Amino acid sequence: MPRQKTGTMKAEEKIAAVVAEMIHEVTGKTPENKHLALQVTRREFEGDLTLVVFPFLKALRQSPEQAAQTLGKAIVERLDEVSSYQVVKGFLNLSLSDDYWQRQLAEALTGEENGGHEGPAAAPAGKEEAEGVGGQAPVVVEYSSPNTNKPLHLGHVRNNLLGYSLSLLLEAAGQKVIKVNLVNDRGIHICKSMLAWMRFGQGESPESSGKKGDKLVGDYYVQFEQALRQEVEEIMADQGLDRDEALSRASLMREARDLLRRWEARDPKVMQVWSMMNGWVYEGFDKSYQRLGVEFDKVYYESDTYLLGRDIVLEGLKKGLLYQKEDGSVWADLGADGLDDKLLLRTDGTSVYMTQDIGTAQLRHDDFHARQMIYVVGNEQNHHFNVLKKVLHKLGKPYADTIHHLSYGMVELPDGRMKSREGTVVDADDLMDEMVRTARKTTEALGKTHSLDEKEKDLLYHTIGLGALKYFILKVDPRKNMLFNPEESIDFNGNTGPFIQYTHARIRSVLRKAGDARMQEALLAMRGAPIIPKEKQLLKLLFEYPSVVEEAATSMNPGRVANHMYELARSFNQFYHDHSILGEADQASSSFRLCLARYCAEILRTGMGLLGIELPEKM
RNA sequence: GGCCCCGUAGUUCAACGGAUAGAAUAGAAGUUUCCUAAACUUUAGAUACAGGUUCGAUUCCUGUCGGGGCUACCA
């Protein structure tokens with residue numbers, strides 16, 4: 001069901017009400033809400049809204065045709081908004097009057113808000129009560145969650161775009177949203193890049209080398225792994241040991257572990273290198289985030305949360321909620337949940353990944369008392385989050401139930417997943433560079449940049465390139481794995497971001513030509529214009545938008561919005577190809593089309609905005 | 001081995017249990033004196049397989065086959 005609007009009642013709700021009433025009159029039963037939901041009539045049939053009558057047949061004791069006829073007749077009689085109905089098999093197709101459509105359009109264009117952006121204030125009054133949550137408890141969305149030993153790659157790109165878009169979607173659906181990042185800034189992998197830098201770096205810095213900070217640190221991590229592999233090979237050859245044994249004897253590995261111990265002991269020298277190198281990485285990340293257009297309200301660092309996690313675990317142990325083995329390691333018994341027991345503190349008392357996440361969850365809960373804590377994390381960690389929830393339950397934390405893992409699929413390459421060992425990792429910055437380069441090439445080839453200065457051009461190419469990338473990724477259902485082929489550049493034609501951007505630019509061009517005065521006139525002058533099929537199709541898509549946003553928010557799937565935006569743009573192009581807006585002789589029709597085009601541009605802008613995609617005025 | 005996810009045109013993606021399974025791209029053929037041809041039109045092409053549930057299944061259930069993930073005192 002569409003969200004209840006303050007003020008006017010939508011035709012759909014009135015229709016549903018009439019149907020419910022009719023069914024009740026005849027049968028004495030109240031039909032289920034889900035059966036009263038209307039769907040937009042498919043393109044190939046006449047009508048605007050469709051009611052499926054099959055669910056009512058038993059109660060009404062009528063044939064599909066009869067039932068549809070009865071209901072259709074009653075609806076047309078009782079509601080001015082509905083002008084006619086057609087019955088096709090068990091489907092009742094209702095047509096709304098042209099006048100109703102035009103009133104809706106005028107209202108949409110003059111209202112303060114446009115579709116889907118109602119803001120928290122417009123949320124229905126008893127909503128919080130109904131959910132038993134006091135006030136405006138926010139939703140916390142964690143995304144990005146990078147490690148500080150490697151630059152961002154394509155997988156992070158999907159994660160960041162999803163997390164950011166999801167946050168905007170939830171806000172559009174009336175929630176208060178806090179965007180957070182959790183930086184994994186501690187652990188053996190960080191020590192590896194530190195060690196390599198200390199050994200081989202000779203004081204190299206981003207300034208001295210001109211390298212982006214995250215890249216520089218990533219290079220040392222790679223260098224460590226190479227040096228380590230070489231040392232291990234040598235040990236294996238010289239001493240005839242197997243790989244595991246050789247690994248544990250390798251001096252590099254021992255030094256890295258030693259570094260970790262010194263770090264945990266807060267050795268000032270180690271801390272100094274650590275914070276310096278992390279600083280470089282953050283500078284680099286910030287550049288990438290800025291280019292991607294994502295941001296955070298708060299950043300958590302694992303180095304701040306793992307100790308809290310350890311305290312919580314120790315407390316749980318004291319309370320007897322956890323158990324300790326003879327070697328000193330601490331475990332959660334998850335046998336009752338059908339899972340293996342989970343280690344929470346190692347024999348030497350240090351923390352594991354799970355321990356840190358326990359601390360993070362607690363800290364986050366204390367900070368925001370969120371109604372929901374969403375973690376945008378890859379589906380390879382399904383098990384981890386399952387266990388996390390179970391462990392928190394075991395520890396008696398009620399917020400365990402507020403945790404939701406938005407488990408998204410991997411980005412795969414034609415030969416499978418990215419592997420750093422095989423050098424197939426697609427770097428985020430490189431990818432963005434390439435997108436912008438392609439945007440430049442394509443745009444210049446079309447020769448449409450005369451009127452822009454250099455700065456405007458750069459901005460435009462960035463907008464188009466990033467638009468293509470974001471749309472490419474967000475149009476896919478987050479839960480599914482998706483494929484990226486580095487050999488083929490991401491498309492700019494067809495079902496793509498630039499296609500939608502281009503459609504918007506064309507509309508804006510028409511609107512500029514019309515001018516403000518004519519636009520104002522049009523609002524009043526459009527009444528009485530007959531609506532033709534291609535206009536009707538556009539109207540349907542435009543007014544379907546709010547429910548699409550709602551659906552996208554509840555299903556946490558920005559792809560819903562992306563695909564709707566494409567439908568809308570395509571539908572506009574079809575209309576625009578066949579019919580003139582400003583050249584139309586009939587004043588009412590021309591005005592109506594102008595309004596239609598304007599609303600179309602607005603919905604495209606807000607909808608694409610929810611995907612983090614900007615739409616240029618010209619391109 | 002166990003658990004989880006996924007199999008839709010050549011390819012990449014759609015489809016609250018609803019009508020004749022939509023698009024894009026690649027292929028073939030067209031459209032520009034006209035508000036931006038990054039557009040529009042036509043054409044051909046798919047639900048892995050076998051059962052079941054029901055008015056109706058790509059969607060839900062069972063089995064088979066195929067792909068991926070997880071199953072660390074890594075993160």
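Keep in mind it's a predicted model, so treat the numbers as computed, not measured. In what follows, every chain begins at residue 1, and chains take the letters A, B, ... in the order their sequences are listed.
A:Trp331 and A:Tyr323 have parallel rings, their planes meeting at less than 30° on a 0 to 90° scale where 60° marks the start of perpendicular.
A:Arg560 comes within 4.0 angstrom of sugar-phosphate atoms only, judged by non-hydrogen atoms across all strands, and of no base. Heavy atoms of A:Met410 sit nowhere under 4.0 angstrom from any nucleic acid atom. Across all strands, A:His504 comes closer than 4.0 Å to no nucleic acid atom at all (heavy-atom distances). When heavy atoms are screened at a 4.0 angstrom cut-off, A:Val476 is found touching the sugar-phosphate backbone but no base atom. The residue A:Glu412 sits close only to the backbone: its heavy atoms come under 4.0 Å of sugar-phosphate atoms, none of a base. A:Ser555 comes within contact range of no nucleotide atom at all, as no heavy-atom separation falls under 4.0 Å. Contact annotation for A:Gln39: base contact, defined as any heavy-atom pair under 4.0 Å involving a base atom. Looking at heavy-atom distances under 4.0 Å, A:Asp477 makes contact with sugar-phosphate atoms alone, never a base. Here A:Leu483 lies in heavy-atom contact (under 4.0 Å) with sugar-phosphate atoms only. Using a 4.0 Å heavy-atom distance criterion, A:Ile464 is classed as a base contact. Residue contacts shown for A:Thr503 are absent, as no nucleic acid heavy atom lies under 4.0 Å away. Using a 4.0 Å heavy-atom distance criterion, A:Asn93 is classed as a base contact.
Taking 4.0 Å as the cut-off between side-chain N and carboxylate O, A:Glu567 and A:Arg570 count as a salt-bridged pair. A salt bridge does not link A:Asp348 with A:Arg346: none of the charged nitrogens is closer than 4.0 Å to a carboxylate oxygen. Of the charged side-chain nitrogens involved, at least one lies within less than 4.0 Å of a carboxylate oxygen, so that A:Glu380 and A:Arg417 count as a salt-bridged pair.
Partner A:Tyr461 forms a side chain to side chain donor-acceptor pair (under 3.5 Å) with one of A:Glu444, A:Lys441, A:Arg440, A:Glu456 and no other, that one being A:Glu444.
The base of B:C73 does not come close enough to the side chain of A:Asp348 for any donor and acceptor atom to sit less than 3.5 Å apart.
Comparing atom distances between the A:Thr443 side chain and each of B:C40, B:A38, B:C73 picks out B:A38 as nearest. Side-chain proximity of A:Pro498 to the nucleotides B:A38, B:C73, B:C74 is greatest for B:A38. Among B:C70, B:G18, B:U36, the nucleotide with an atom closest to any side-chain atom of A:Pro55 is B:G18. Of all nucleotides listed (B:C70, B:C13, B:A75), B:A75 comes nearest to the side chain of A:Asn184. Distances were taken from every side-chain heavy atom of A:Thr41 (C-beta onward) to each of B:C6, B:U36, B:A19; the shortest belongs to B:A19. Nearest nucleotide to the A:Gln381 side chain, out of B:A39, B:C35, B:A75: B:A75. Checking B:C73, B:C4, B:G69 against the side-chain heavy atoms of A:Thr347 singles out B:C73 as nearest.
By the stacking rule of 5.5 Å between ring centres and under 30° between planes, A:Phe91 stacks on the base of B:A19. Residue A:Phe45 and nucleotide B:A19 are classified as a stacked aromatic pair, their ring centres being separated by less than 5.5 Å at an interplanar angle below 30°. Remark: ring of A:Phe54 stacked against base of B:G18; centroid gap under 5.5 Å, plane tilt under 30°. Per the stacking criterion (ring centres < 5.5 Å, plane angle < 30°), A:Tyr502 does not stack onto the base of B:U36.
For the residue pair A:Asp491 and A:Thr496, no side-chain donor N or O sits within less than 3.5 Å of a side-chain acceptor on the partner.
Spacing between atom CG of A:Leu339 and atom C1' of B:C70 amounts to 12 Å, rounded to whole angstrom units. Residue A:Lys448 contributes atom NZ, which lies 5 Å from atom C1' of B:U36 at whole-angstrom precision. Spacing between atom CD of A:Glu617 and atom P of B:U36 amounts to 13 Å, rounded to whole angstrom units.
Comparing B:A23 with B:U47, their C1' atoms are spaced 16 Å from each other, to the whole Å.
Along RNA chain B, the nucleotide nearest to A:Val52 and the one nearest to A:Lys58 differ in position, and the one closer to the 5' end is contacted by A:Val52.
Residue A:Lys480 has no polar side-chain atom (N or O) positioned under 4.0 Å from OP1 or OP2 of B:C13. Between A:Gln501 and B:A38, a side-chain N or O to OP1/OP2 separation shorter than 4.0 Å is absent. For the pair A:Ser509 and B:U36, the criterion of a side-chain N or O lying under 4.0 Å from OP1 or OP2 is met.
Relative to the ring axis of A:Tyr306, A:Arg186 places its NZ or CZ within 45° and under 6.0 Å from the centre.
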For residues 252-260 of chain A, dump all side-chain donor-acceptor pairs below 3.5 Å to protein atoms at least two apart in sequence or in another chain.
unit_1	atom_1	unit_2	atom_2	d
A:Arg254	NH1	A:Arg249	O	2.9
A:Glu255	OE2	A:Arg199	NH2	2.4

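Remark: side-chain polar atoms of A:Asp185 are not paired, donor with acceptor, to backbone N or O of A:Tyr301 under 3.5 angstrom.
For A:Glu46, there are no salt bridge (Lys or Arg N to Asp or Glu O under 4.0 Å) partners, not counting sequence neighbours.
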Produce the list of close N/O pairs, under 3.5 Å, pairing protein atoms with atoms of nucleotides 21-24 of chain B; give distances to one decimal.
unit_1	atom_1	unit_2	atom_2	d
B:A23	O2'	A:Tyr566	OH	3.0

